[in-house]
Peer 1: 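What follows is a structure written as structure tokens; I'll ask about it next.
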Amino acid sequence: LGTGHAFFTATIFMGFAYLLIPAAGLYPARAVWFLGCQQLFGDFAWSLYAVNEIVLRQRVTPPELLGRVNAAMQIASRGMLPIGALIAGVLTSFISVQSAMWIGAVGILLSGLWLWPVRKE
């Protein structure tokens with residue numbers, strides 16, 4: 001696929017997979033199937049994204065800086081988790097949990113659009 005195309009495809013695929021989580025609440029009789037499909041396909045897409053992210057990072061970073069760059073990326077990505085959890089908690093005090101999950105899933109889907117220009121690499 002190439003790195004750029006794999007990034008874009010995996011991100012969009014993850015976004016659609018995450019839409020299955022709040023959709024499971026709309027169809028309780030099929031919720032296990034929705035969540036199982038999300039886990040299978042969403043995790044596959046996440047793995048594809050993560051591998052390509054690390055490969056790209058190793059390709060463009062000088063070897064002597066690779067450890068620092070990896071550490072900075074881990075802090076930047078994992079450091080957002082508590083902030084996102086706090087925002088989600090505040091949001092669910094105003095709207096339903098399922099609505100907040102829809103917003104999050106659509107946000108993940110839309111977050112991949114910035115990768116549109118790099119898909120040709």
Side-chain angles (χ1 to χ4, degrees):
L1 288 176
T3 305
H5 194 69
F7 268 138
F8 179 73
T9 304
T11 304
I12 298 302
F13 205 77
M14 274 189 294
F16 280 116
Y18 276 107
L19 289 173
L20 293 172
I21 296 173
L26 299 175
Y27 304 99
R30 294 188 172 91
V32 172
W33 288 102
F34 276 73
L35 296 176
C37 287
Q38 188 284 325
Q39 191 75 43
L40 179 67
F41 297 115
D43 284 359
F44 172 76
W46 174 251
S47 298
L48 179 66
Y49 179 88
V51 167
N52 280 284
E53 177 189 19
I54 292 169
V55 166
L56 178 63
R57 194 180 311 149
Q58 289 175 338
R59 191 182 318 153
V60 300
T61 305
E64 63 274 6
L65 296 177
L66 195 54
R68 292 179 184 154
V69 170
N70 283 332
M73 291 299 295
Q74 291 297 323
I75 289 172
S77 64
R78 292 195 176 134
M80 291 292 112
L81 293 176
I83 295 168
L86 183 62
I87 291 169
V90 170
L91 186 62
T92 57
S93 67
F94 296 107
I95 62 174
S96 69
V97 172
Q98 190 172 15
S99 296
M101 292 174 73
W102 279 112
I103 291 170
V106 170
I108 291 170
L109 181 60
L110 293 176
S111 72
L113 294 180
W114 74 274
L115 292 169
W116 180 263
V118 300
R119 76 188 191 293
K120 297 175 185 170
E121 285 185 19

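Keep in mind that what you see is a predicted model, and the values were worked out from it rather than measured.
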Peer 1: Could you state the interatomic distance from OG1 (Thr11) to CG (Leu113), rounded to the nearest 0.5 Å?
Peer 2: 9.5 Å

Peer 1: Is there a continuous path of hydrophobic side-chain contacts, each under 4.5 Å between heavy atoms, that joins Phe8 to Leu110?
Peer 2: yes

Peer 1: Quick one, Gln39 and Leu35 - any side-chain contact, counting heavy atoms below 4.5 Å?
Peer 2: no

Peer 1: Side-chain atoms of residues 73-94: list all donor-acceptor pairs with protein atoms under 3.5 Å, sequence neighbours left out, distances to 0.1 Å.
Peer 2:
{"from": "Gln74", "atom 1": "OE1", "to": "Arg78", "atom 2": "NH1", "distance (Å)": "2.7"}
{"from": "Ser77", "atom 1": "OG", "to": "Met73", "atom 2": "O", "distance (Å)": "3.0"}
{"from": "Ser77", "atom 1": "OG", "to": "Gln74", "atom 2": "O", "distance (Å)": "3.4"}
{"from": "Thr92", "atom 1": "OG1", "to": "Ala88", "atom 2": "O", "distance (Å)": "3.1"}
{"from": "Thr92", "atom 1": "OG1", "to": "Gly89", "atom 2": "O", "distance (Å)": "3.0"}
{"from": "Ser93", "atom 1": "OG", "to": "Val90", "atom 2": "O", "distance (Å)": "2.5"}

Peer 1: Does a side-chain heavy-atom distance below 4.5 Å link Gln98 with Leu26?
Peer 2: yes

Peer 1: Would a single hydrophobic cluster contain both Leu56 and Val69, if residues Ile, Leu, Val, Met, Phe, Trp and Tyr are joined by side-chain heavy-atom contacts under 4.5 Å?
Peer 2: no

Peer 1: Taking all non-hydrogen atoms of both residues, which atom of Ala10 and which atom of Ala45 are closest, and how far apart?
Peer 2: CB-O, 3.4 Å

Peer 1: Answer with yes or no whether the hydrophobic clustering places Ile12 together with Val51; edges join I, L, V, M, F, W, Y residues whose side-chain heavy atoms lie under 4.5 Å apart.
Peer 2: no

Peer 1: Indicate if Tyr49 and Phe13 have the same hydrophobic cluster label, given that clusters are the connected sets of ILVMFWY residues with side-chain heavy-atom separations under 4.5 angstrom.
Peer 2: no

Peer 1: Show every salt bridge (Lys or Arg N to Asp or Glu O under 4.0 Å) that has at least one partner inside residues 28-53, sequence neighbours left out.
Peer 2: Glu53-Arg57

Peer 1: Check the pair Phe41, Phe44 against side chain to side chain contact (heavy atoms under 4.5 Å, CB included), reporting the backbone distance first and the verdict last.
Peer 2: CA-CA 5 Å; Phe41 297 115; Phe44 172 76; 5.5 Å; no

Peer 1: If I take atom CZ from residue Phe7 and atom CG from residue Leu48, how far apart are they, to the nearest 0.5 angstrom?
Peer 2: 9.5 Å

Peer 1: Examine Val97 and Ile21 and state if one hydrophobic cluster contains both, with Ile, Leu, Val, Met, Phe, Trp and Tyr joined whenever side-chain heavy atoms are less than 4.5 Å apart.
Peer 2: yes

Peer 1: Are more than 12 heavy atoms, taken from residues, nucleotides or ligands other than Tyr18, located less than 6.0 Å from that residue's OH atom?
Peer 2: no

Peer 1: What residues form a side chain to side chain contact (heavy atoms under 4.5 Å, CB included) with Ser99, not counting sequence neighbours?
Peer 2: Ile95, Ser96

Peer 1: Supply the atom-to-atom distance Ile54 CD1 to Leu66 CG, rounded to the nearest 0.5 angstrom.
Peer 2: 10.0 Å

